[in-house]
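A quick write-up on the structure given underneath.
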Amino acid sequence: MSKPVKKLCVLISGNGSNLQAIIDEIAAKRLNAEVCGVISNRPQAYGLERAKAAGIPAVCLDHTQYDDRDTYDKALKLQIDEFGAEGVVLAGFMRILTPEFVNSFSGKLMNIHPSLLPKYKGLNTHQRAIDNGDSEHGVSVHFVTPELDGGPVIIQSRVPVFEDDTPSELAERVQEQERRIYPLVLSWYCDGRLVMRNNKAVLDEHELPESGYASD
Ligand code: GAR
């Protein structure tokens with residue numbers, strides 16, 4: 001008998017290339033999941049079109065229409081619960097979440113961040129890697145905890161930084177890796193192999209090291 005499919009809600013703010021990778025991996029039957037809903041905080045996010053094209057319920061909760069972060073996050077939680085989500089996937093969702101929201105989805109909330117955490121938390125990660133003369137850069141997938149970009153890392157993927165790289169060239173190289181590792185991590189999660197325990201990522205009952213699963 002095949003395993004039950006897990007319902008994932010994907011949160012976006014923009015292009016949605018990670019969302020597309022997830023949709024494609026589900027279609028290719030490499031990810032035992034269903035995207036039960038997509039939520040954007042920005043009305044113009046192209047990812048909303050990607051969701052609609054795939055027949056996925058897509059909703060915009062425009063943060064500018066809410067009085068404060070707390071009210072917004074309550075509405076967000078309500079919508080996620082309405083979708084019946086068993087996992088929440090931040091895929092380019094460019095908002096800081098309240099600790100109440102994060103704690104209510106503890107162990108079920110994952111994020112992809114374009115740096116080798118704990119390096120370059122926050123914004124403009126590609127520019128910062130170039131400015132610092134780094135020879136390598138990359139991307140991390142992690143469980144989300146109340147500390148911004150600070151939750152336990154599940155996996156990282158590294159890319160080289162070339163001398164004449166622009167931030168957008170570097171971003172493109174990083175995003176190619178993103179589209180590989182996020183669906184992989186979600187397949188572990190949906191197959192019940194990946195959990196967060198005592199603030200650590202645990203895969204197949206093995207606590208992952210600080211830099212996550214060795215992917216190189
Ligand atoms: C991705 O590069 C993701 O790592 C980044 O936003 C981009 C979204 O692309 N996320 C963050 O910076 C979160 N702090 P996408 O909309 O095409 O998936």
Side-chain angles (χ1 to χ4, degrees), residues 8 10-25 28 30-31 38 40-42 44-47 49-50 88-97 102 109-189 194 196 199-203 206-216:
L8 302 176
V10 182
L11 272 50
I12 60 165
S13 298
N15 179 23
S17 66
N18 280 287
L19 167 67
Q20 190 65 57
I22 294 164
I23 292 170
D24 293 347
E25 287 295 294
R30 285 189 290 262
L31 171 52
V38 169
S40 169
N41 67 310
R42 294 199 182 122
Q44 304 307 327
Y46 180 62
E49 304 306 318
R50 297 183 190 265
V88 182
V89 179
L90 305 182
F93 188 65
M94 304 304 280
R95 274 186 66 82
I96 292 174
L97 294 160
V102 171
L109 184 57
M110 282 155 279
N111 182 40
I112 191 154
H113 181 76
S115 79
L116 297 170
L117 290 170
K119 252 188 164 179
Y120 309 135
K121 297 177 178 182
L123 299 174
N124 303 320
T125 59
H126 310 302
Q127 183 70 63
R128 285 154 75 196
I130 290 171
D131 290 348
N132 277 345
D134 292 357
S135 58
E136 64 171 15
H137 183 48
V139 53
S140 309
V141 178
H142 64 96
F143 280 112
V144 178
T145 61
E147 190 199 335
L148 180 68
D149 298 326
V153 170
I154 302 162
I155 196 170
Q156 292 187 322
S157 187
R158 289 162 197 277
V159 301
V161 182
F162 299 120
E163 237 166 57
D164 52 354
D165 265 343
T166 63
S168 60
E169 283 166 341
L170 186 51
E172 178 51 42
R173 199 170 306 128
V174 167
Q175 282 173 5
E176 218 178 288
Q177 297 303 312
E178 296 189 358
R179 297 191 280 268
R180 291 166 200 251
I181 64 172
Y182 217 179
L184 174 67
V185 164
L186 294 173
S187 75
W188 293 339
Y189 177 78
L194 174 70
M196 184 172 81
N199 216 42
K200 304 271 185 207
V202 176
L203 178 65
H206 296 291
E207 210 174 87
L208 294 174
E210 252 164 49
S211 57
Y213 181 82
S215 62
D216 298 322

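Since the model is a prediction, treat every value here as computed from it, not as a measurement.
Checked against salt bridge (Lys or Arg N to Asp or Glu O under 4.0 Å), Glu169 has no partners two or more places apart in sequence or in another chain.
Atom CD of Gln44 has 12 or fewer heavy atoms from other residues, nucleotides or ligands within 6.0 Å. Glu163 CD: 12 or fewer foreign heavy atoms inside a 6.0 Å radius.
Atom-to-atom distance recorded for Thr166:OG1 and His126:NE2 is 10.5 Å, nearest 0.5 angstrom. Ile23 contributes atom CD1, which lies 8.0 Å from atom CZ of Arg50 (distance to the nearest 0.5 angstrom). Interatomic distance, Ser17 OG to Gln175 CD, rounded to the nearest 0.5 Å: 5.0 Å. Tyr182 OH to Leu90 CG: the interatomic distance, rounded to the nearest 0.5 Å, is 5.5 Å. Arg158 CZ to Arg173 CZ: the interatomic distance, rounded to the nearest 0.5 Å, is 15.5 Å. Between the CG atom of Leu19 and the CD atom of Glu49 there is a distance of 11.5 Å, given to the nearest 0.5 Å.
Looking at heavy atoms from C-beta onward, Glu178 lies in side-chain contact with Pro114 at the 4.5 angstrom threshold. Looking at heavy atoms from C-beta onward, Pro183 lies out of side-chain contact with Leu186 at the 4.5 angstrom threshold. Residues Ile155 and Leu208 are not in side-chain contact: their nearest non-hydrogen atoms beyond the backbone lie 4.5 Å or more apart.
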Can Glu147 and Lys121 be said to form a side chain to side chain contact (heavy atoms under 4.5 Å, CB included), step by step?
-> CA-CA 10 Å; Glu147 190 199 335; Lys121 297 177 178 182; 2.9 Å; yes
Can you list the steps and then say if Asp134 with Lys119 is a side chain to side chain contact (heavy atoms under 4.5 Å, CB included)?
-> CA-CA 11 Å; Asp134 292 357; Lys119 252 188 164 179; 3.2 Å; yes
When you look at Tyr189 and Ile154, which way does the side chain to side chain contact (heavy atoms under 4.5 Å, CB included) test go after all the steps?
-> CA-CA 11 Å; Tyr189 177 78; Ile154 302 162; over 6 Å; no
For Leu194 and Phe143, run side chain to side chain contact (heavy atoms under 4.5 Å, CB included): C-alpha distance rounded to whole Å, both residues' side-chain angles, the deciding distance at 0.1 Å, then the answer.
-> CA-CA 10 Å; Leu194 174 70; Phe143 280 112; 3.8 Å; yes
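Taking both residues in full, the closest heavy atoms of Asp165 and Ile130 are given as O-CD1, 3.5 Å, listed atom of the first, atom of the second, then distance. Here the shortest heavy-atom pairing between Val174 and Gly138 reads CG1-O, 3.9 Å. Between Gln156 and Leu117, the shortest heavy-atom contact is NE2-O, 2.8 Å. Ala91 and Ile12 get closest at one heavy-atom pair: O-CG2, 3.6 Å. Nearest heavy-atom pair across Gln127 and Pro167 is OE1-CG, 3.2 Å. Minimum heavy-atom separation, Asp149 to Gly122: OD2-N, 2.9 Å.
For the side chain to side chain contact (heavy atoms under 4.5 Å, CB included) with Leu109, the qualifying choice from Leu11, Thr145, Val89, Val88 is Val88, the only one to do so.
A donor-acceptor contact closer than 3.5 angstrom is absent between the side chains of His113 and His142.
One finds no salt bridge joining Arg179 and Asp24 here, because no Lys/Arg side-chain nitrogen approaches an Asp/Glu carboxylate oxygen to under 4.0 Å.
Looking only at distances, no side-chain donor or acceptor of Ser140 sits under 3.5 Å from a matching main-chain atom of Val153. With hydrogens and angles disregarded, a donor-acceptor distance shorter than 3.5 Å links the side chain of Ser13 to the backbone of Met94.
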